[in-house]
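Working notes, structure below.
Throughout, protein chains are lettered first and strands after them, A, B, ... in sequence-line order, and every chain is numbered starting at 1.
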Amino acid sequence: MENKKVRVRFAPSPTGHLHIGGARTALFNYLFAKKYKGTFILRIEDTDELRSTKESMNSIFESMRWLGLDWDEGAMDEFNEKGDYGPYIQSKREALGIYKKYSDELIQKGLAYHCYCTPEELEEMRKKAQLEKRPPRYDGRCRHLTKEQIEEYKRQGRKPAVRFKMPEEGHTSWNDLIHGELKFENKLLYDFIMVKASGYPTYNFACVIDDHLMEMSHIIRGDDHISNTPLQINLYKALGWGIPEFAHLSMILGPDGSRLSKRHGATSVGEYRRLGYLSVTIKNYLALLGWSTKDSQQIFEKGELEEKFSLEGCQKNPAIFDPVKLTWMNGEYIRKLSKEELYELALPYMKEANIDLSKSKVDPKDIVFIEQEKYKLLSDIPKLVDFFFKDEIEYDKESVEKVLKKDKVKDILLGIKEVYSSIADFTEKNIEESTRRFAKEKGYKTSEVFHPVRVSVSGRAQGPTLFKMIEYIGKETVISRIDKAVSEAKIV
RNA sequence: GCCCUCAUCGUCUAGUGGCCUAGGACGCUGCCCUUUCAAGGCAGAGAUCAGGGGUUCGAAUCCCCUUGAGGGCGCCA
């Protein structure tokens, strides 16, 4: 690969959002390109006329940009693209006749042929084969049609598809960069369709044509394409083209070991984004699914993955997606955020939770920051700090029972209220000093004072460091909340 | 049914014939820190390296078989 310029691509079909598996494939291609100072290309494979949508395409673009997987060449949106090998959307390439040119060439050379079988006939053929315990693949019946037969089909108005004439002898092999030597008997391969009756190319055909024309050096894709590879290699050979390197990535499975799907929870990048994961988390976690460094490094600084990635570190066996570890990692990344960064990221979630940020006594940035080490998801933020922004707070039943409904609590709260009322400069330091002094003078244990105060001003038994929290809530609010806790029969 | 791939703690993984009485990470348990919850620190439990045969002085590492899991056999990609 040293003597060949690295050009790799991610080629999704726009039939849905960018999924975890697709994102991982995109990421590995991207990292490989960065590592070898190559070119990362985004090509849209929309040859499925029924399921491809513009919305899906835009959604994929958005997710990739969010993940920071910027492409050097490819479609930028429906109408624009960058790079000298375009168009990068297959439907546009089809319109230009690119695929037809090569399919005609192969037919002319006798390396491909028209097939007049209808989908119904093919289905019937497969069923029959299954019943007779034969492989359900195409039997090549249209390879040797007579002139009369062809005329008859044409009279019936049948539109032919184009099939590739697969070699019947020998074998096809390649040295997979992840799996090593892979070998298939040609007689087990089949005459796959290159061009549908509609004139549209199929995946296996368009993929080869484009990978060649776009001068791909390496094809890095999922394991599920291993059995497509010998088909494609024979196509390269028939066209007299050089064959790129192949690297097949292992699959990502759900927690139960089956293919990752909806019933495992969120599966698309967009969903994880909405749930409150950072893009750096997704990028880092995905990189570790099927790849690792020799020292099992877990957290990577910016640019480190691009520098350390290699195909040699890729795993052959499938990896189970573990949301628990993902969430741990997200907490790690949240803790690395600066106060400003954290606040920026928190904003959409605060808005969604209808929190009025103008209601706090201090800068909301400071409030969000106070609980930084506790957030695992950005969506955790509102519910951990909402009481700083509310006129009316809710009291957690259990906390009230356990902490407030106890002897002495009423006296303690009434006493501490007086103490707080007399603090002129209501700062963390002063609050702490006077609270401790109060406890000492009255002969209470500090915890006997701290806990009821916490519950009465925040409504819950768990929260930020106490005195800073009290400062941030503000003197007046603190006093009125203590009053309320006492008067509203929250205590015995 | 046929073809292909894969197989190390629950999970992600290190390991490429002797450094392995198998290392790291998540999770789990305990302790420390501490006004709570976290975070952090420390300690621990957890893998007869899928099973069985070989090869070798020596195997998680090489070979064979079995089993299990996954993928493919579409005018889907």
Side-chain angles (χ1 to χ4, degrees), chain A residues 11-13 15 45-52 115 117-119 122-123 126 129-138 159-163 176 179 182-185 188-190 192-204 206-207 221-230 248 250-251 253 255 257-259 285 288-299 313 315-322 324-329 331-332 335 371-376 384 399 403 432 435-436 439 445-451 453-455 458 460-467 469:
Chain A
S13 57
T15 55
E45 305 209 328
D46 59 345
T47 54
D48 185 335
E49 306 133 277
L50 274 87
R51 293 192 299 148
S52 298
C115 170
C117 297
T118 63
L122 293 171
E123 183 53 35
R126 271 192 288 271
Q130 292 262 22
L131 272 166
E132 293 168 8
K133 304 212 185 273
R134 285 182 293 110
R137 73 178 93 88
Y138 184 66
K159 283 225 158 125
V162 180
R163 282 188 189 270
D176 194 276
H179 292 268
L182 256 26
K183 193 173 170 181
F184 286 73
E185 294 287 329
L188 266 8
L189 271 22
Y190 67 107
F192 66 91
I193 291 192
M194 303 182 341
V195 180
K196 307 174 198 177
S198 67
Y200 255 59
T202 61
Y203 163 73
N204 276 313
C207 179
R221 66 199 348 177
D223 243 350
D224 48 343
H225 284 294
I226 285 184
S227 51
N228 281 324
T229 306
H248 288 94
S250 60
M251 300 275 88
L253 307 176
S258 69
R259 217 184 165 124
Y285 181 73
L288 254 24
L289 239 36
W291 173 81
S292 65
T293 58
K294 296 286 179 208
D295 60 353
S296 287
Q297 182 176 349
Q298 301 294 313
I299 303 291
Q315 198 75 11
K316 289 194 246 186
N317 47 309
I320 288 174
F321 186 86
D322 180 9
V324 177
K325 183 165 180 180
L326 207 220
T327 304
W328 159 76
M329 193 176 276
E332 290 287 308
R335 269 170 250 128
E371 290 281 69
Q372 182 178 37
E373 73 267 26
K374 268 177 231 166
Y375 309 135
K376 294 241 183 272
L384 285 177
S399 304
V403 181
E432 173 156 15
T435 308
R436 287 188 188 279
K445 283 188 285 185
T446 50
S447 58
E448 270 182 301
V449 178
F450 293 173
H451 294 314
V453 170
R454 173 184 293 285
V455 175
S458 72
R460 55 192 88 167
Q462 300 165 359
T465 181
L466 185 62
F467 307 108
M469 173 177 95

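Residue side chain A:Thr465 reaches the base of B:rU35 through a donor-acceptor N/O pair under 3.5 Å, judged by distance alone. In terms of polar N and O atoms assigned as donor or acceptor, the side chain of A:Ser296 comes within less than 3.5 Å of the base of B:rG23 in a complementary pairing.
The side chain of A:Lys316 contributes an N or O atom lying less than 4.0 Å from OP1 or OP2 of B:rC6. Contact annotation: A:Gln315 side-chain N/O to B:rA14 OP1/OP2 distance is under 4.0 Å. Side-chain N/O atoms of A:Ser227 include none lying less than 4.0 angstrom from OP1 or OP2 on B:rC73. Within the structure, every side-chain polar atom (N or O) of A:Asn228 is placed at least 4.0 Å from both OP1 and OP2 of B:rG71. When the side-chain nitrogen and oxygen atoms of A:Arg259 are compared with OP1 and OP2 of B:rG71, one or more of them lie within a distance under 4.0 Å. The side chain of A:Arg163 contributes an N or O atom lying less than 4.0 Å from OP1 or OP2 of B:rC75.
Among the protein residues, A:Ala197 comes within range of the nucleic acid bases, having at least one heavy atom under 4.0 Å from a base atom. In this structure, A:Lys196 reaches the bases: a heavy-atom distance under 4.0 Å links it to at least one base atom across the strands shown. As judged by a 4.0 angstrom heavy-atom cut-off over every strand, A:Tyr375 is placed among residues making no nucleic acid contact. Within 4.0 Å of A:Ser13, counting heavy atoms only, lie sugar-phosphate atoms of the nucleic acid but no base atom. Within the nucleic acid shown, A:Arg137 comes within 4.0 Å of sugar-phosphate atoms alone, with no base atom in reach, counting heavy atoms only. A:Leu50 comes within 4.0 angstrom of nothing in the nucleic acid, heavy atoms only. Residue contacts shown for A:Gly463 include a base, since a base heavy atom lies under 4.0 Å away. The residue A:Glu432 sits apart from the nucleic acid: no heavy atom pair falls under 4.0 Å. Within 4.0 Å (heavy atoms only), A:Lys376 reaches sugar-phosphate atoms of the nucleic acid but no base atom. A:Glu123 comes within 4.0 angstrom of no nucleic acid atom, judged by non-hydrogen atoms across all strands. At the heavy-atom level, A:Gly222 lies nowhere under 4.0 Å from the strands shown. At the heavy-atom level, A:Cys117 lies under 4.0 Å from base atoms of the strands shown. No engagement by A:Thr446 is indicated, since no non-hydrogen atom pair under 4.0 Å with the nucleic acid exists. Base engagement by A:Gln298 is indicated by at least one non-hydrogen atom pair under 4.0 Å involving a base atom.
The side chain of A:Pro135 has B:rG1 as its nearest neighbour among B:rC26, B:rG1, B:rU13. Picking from B:rG74, B:rA77, B:rC3 the nucleotide with the shortest atom distance to the side chain of A:Phe184 gives B:rC3. Among the nucleotides B:rC73, B:rA77, B:rC12, the one closest to any side-chain atom of A:Pro136 is B:rC73. Distances were taken from every side-chain heavy atom of A:Arg454 (C-beta onward) to each of B:rC75, B:rU36, B:rC4; the shortest belongs to B:rU36. Between B:rA14, B:rU11, B:rA77, one nucleotide has an atom nearer to the side chain of A:Lys294 than all others, and that is B:rA14. Of all nucleotides listed (B:rG74, B:rA39, B:rG1), B:rA39 comes nearest to the side chain of A:Glu373. The side chain of A:Asn317 approaches B:rA7 more closely than any other nucleotide in the set B:rA77, B:rA7, B:rC75. Checked against B:rU5, B:rU36, B:rU11, the side chain of A:His179 finds its nearest nucleotide in B:rU5. Set against B:rU35, B:rG71, B:rG40, the side chain of A:Asp224 has B:rG71 as its closest nucleotide.
Pair assignment for B:rC20: none, as no Watson-Crick or G-U wobble contacts are both less than 3.5 Å. Across all strands shown, B:rC28 forms a Watson-Crick or G-U wobble pair, both distances under 3.5 Å, with B:rG44. Pairing for B:rG68 goes to B:rC6, judged as Watson-Crick or G-U wobble with the two contacts each under 3.5 Å. Shown here, B:rA38 forms no base pair; nothing in the strands shown gives a Watson-Crick or G-U wobble contact with both key distances under 3.5 Å.
Taking atom C1' on both nucleotides, B:rC19 is separated from B:rA59 by 15 Å, rounded to a whole Å. Comparing B:rG41 with B:rA25, their P atoms are spaced 10 Å from each other, to the whole Å. B:rU48 and B:rU36: their P atoms are spaced 40 Å apart (whole Å). When the C1' atom is compared between B:rG51 and B:rA7, the two are found 12 Å apart, to the nearest whole Å. Taking atom P on both nucleotides, B:rU8 is separated from B:rA14 by 10 Å, rounded to a whole Å. Nucleotides B:rG18 and B:rC62 place their P atoms 12 Å apart, quoted to the nearest Å. On the C1' atoms, B:rG24 is 27 Å away from B:rG70, given to the nearest whole Å. To the nearest whole angstrom, the two C1' atoms, one in B:rG10 and one in B:rU29, are 15 Å apart.
There is a side-chain donor-acceptor pair under 3.5 Å between A:Asp295 and A:Thr293. Side-chain atoms of A:Lys374 and A:Gln462 include no donor-acceptor pair closer than 3.5 Å. For A:Gln315 and A:Ser292, the side-chain atoms include no donor-acceptor pair closer than 3.5 Å. Side-chain contact annotation: A:His248 with A:Thr229, donor-acceptor N/O pair under 3.5 Å present.
The existence of a salt bridge linking A:Arg259 and A:Asp224 is confirmed by a sub-4.0 Å separation between a basic side-chain nitrogen and an acidic carboxylate oxygen.
Contact of the A:Phe450 side chain with the A:Phe467 side chain is registered, since non-hydrogen atoms from C-beta on lie closer than 4.5 Å. Here the side chains of A:Ser198 and A:Glu49 are in contact, with some heavy-atom distance below 4.5 Å. No side-chain heavy atom of A:Leu188 sits under 4.5 Å from any side-chain heavy atom of A:Phe184.
Residues A:Phe192 and A:Tyr138 keep their aromatic ring centres 6.0 Å or farther apart.
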